[in-house]
Amino acid sequence: MNKININGAEYPCRVTIGTLKRFKEATGKELSAVGDLFALVELLYMALAESCEKAGVALPYGSAEELMDDIDFTEIEQVTAGL
């Protein structure tokens with residue numbers, strides 16, 4: 001399973017076909033819309049939440065907005081490289 005680092009902590013993160021389906025259902029956006037920064041973080045949040053749940057790892061973020069507050073703009077490429 002892929003792992004990503006956010007604010008000094010490592011989390012499992014894997015984008016599955018199911019993640020992409022739920023992303024489309026929740027946002028109405030296709031995968032091609034992930035070029036939009038906010039859509040990217042929405043997808044990242046969904047992948048993190050699902051991966052952490054499967055791995056039994058606590059995720060300290062209750063929403064994509066909370067996650068956004070811990071990702072510095074200059075680090076977004078590094079954080080999402082594993083997606």
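The chain is numbered in sequence order, starting from 1.
- To the nearest 0.5 Å, atom CE of residue M68 and atom CZ of residue F73 are 12.5 Å apart.
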Where do L48 and I6 land on the side chain to side chain contact (heavy atoms under 4.5 Å, CB included) test, with the steps shown first? CA-CA 11 Å; L48 271 172; I6 300 172; 3.6 Å; yes

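- Residues passing the side-chain contact (heavy atoms from CB on, under 4.5 Å) test with L20 are V15, L31, L43, sequence neighbours excluded.
- Residue pairs meeting the salt bridge (charged side-chain N to carboxylate O under 4.0 Å, His left out) criterion with at least one partner in residues 17-26, sequence neighbours excluded, are K21-E25, R22-E50, K24-E30.
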Residues L59, Y45; criterion side chain to side chain contact (heavy atoms under 4.5 Å, CB included); working and verdict: CA-CA 10 Å; L59 184 65; Y45 174 74; 4.1 Å; yes

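- T19 places no side-chain N or O within 3.5 Å of a backbone atom of A47 that could act as its donor or acceptor partner.
- Atom CD1 in I4 sits 4.0 Å away from atom SG in C13 (nearest 0.5 Å).
- Qualifying side-chain contact (heavy atoms from CB on, under 4.5 Å) partners for D69, counting only residues two or more places apart in sequence or in other chains: none.
- For E66, the side-chain contact (heavy atoms from CB on, under 4.5 Å) partners two or more places apart in sequence, or in a different chain, are Y61, S63.
- When all heavy atoms of V57 and Y11 are compared, the closest pair comes out as CG1-CD2, 4.4 Å.
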Between E42 and E65, does the side chain to side chain contact (heavy atoms under 4.5 Å, CB included) criterion hold? Intermediate values first, please. CA-CA 8 Å; E42 288 281 346; E65 288 78 18; 3.9 Å; yes

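- L40 and I17 fall into different hydrophobic clusters, where Ile, Leu, Val, Met, Phe, Trp and Tyr residues are linked whenever their side-chain heavy atoms come under 4.5 Å apart, directly or through other members.
- Residues P12 and S51 approach most closely at O-CB, 3.4 Å, considering heavy atoms.
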